[in-house]
Amino acid sequence: MSKLPIVLTDVSLIEQGIKVSIHHKLRLWDALMIVAGYRADCKIMYSEDLTHGQIIQGIRILNPFKL
């Protein structure tokens with residue numbers, strides 16, 4: 001049994017990912033990670049590909065190489 005939340009990929013996640021991708025002008029893969037993080041109640045996402053300090057869906061994006 002996992003101590004971390006598990007987020008399953010379903011039609012709803014993909015639809016939300018597409019909306020987030022269009023709204024924030026992100027690649028679909030990045031948007032899907034954000035939506036999954038939101039569902040898992042994440043507050044911080046570490047990514048070198050997204051804008052450092054940006055907040056998307058309530059998740060703060062941090063570039064680990066800028067810390």
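- Y38 contributes atom OH, which lies 8.5 Å from atom NZ of K43 (distance to the nearest 0.5 angstrom).
- Residue pairs meeting the side-chain hydrogen bond (donor to acceptor under 3.5 Å, both in side chains) criterion with at least one member in residues 13-24, sequence neighbours excluded: Q16-R39.
- When the side chains of ILVMFWY residues are joined at heavy-atom separations under 4.5 Å, either directly or via intervening members, I18 and L50 end up in a single hydrophobic cluster.
- Judged by distance alone, with hydrogens and angles left aside, the side-chain atoms of H52 form a donor-acceptor pair with the main-chain N or O of N63 at under 3.5 Å.
- Here I6 is tied into one hydrophobic group with L8, each link being a pair of ILVMFWY side chains closer than 4.5 Å.
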>> Apply side-chain contact (heavy atoms from CB on, under 4.5 Å) to residues L62 and M45 and explain how you reach the verdict.
In response: CA-CA 6 Å; L62 297 178; M45 178 181 289; over 6 Å; no

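- No option in V7, D30, T9, L13 other than L13 meets the side chain to side chain contact (heavy atoms under 4.5 Å, CB included) test with V35.
- One distance of note links CG of L28 with CD1 of I22; it measures 9.0 Å at 0.5 Å rounding.
- Summarising the geometry of G17 relative to A31, their closest heavy-atom pair is O-CB, 3.2 Å, with the distance given to 0.1 Å.
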> Can you check side-chain contact (heavy atoms from CB on, under 4.5 Å) on I55 and I61, steps first, answer last?
Replying inline: CA-CA 6 Å; I55 298 174; I61 309 301; over 6 Å; no

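- Atom CD1 in I59 sits 11.5 Å away from atom OG in S47 (nearest 0.5 Å).
- Linking Ile, Leu, Val, Met, Phe, Trp and Tyr residues whenever their side-chain heavy atoms come within less than 4.5 Å places I34 and W29 in a single cluster.
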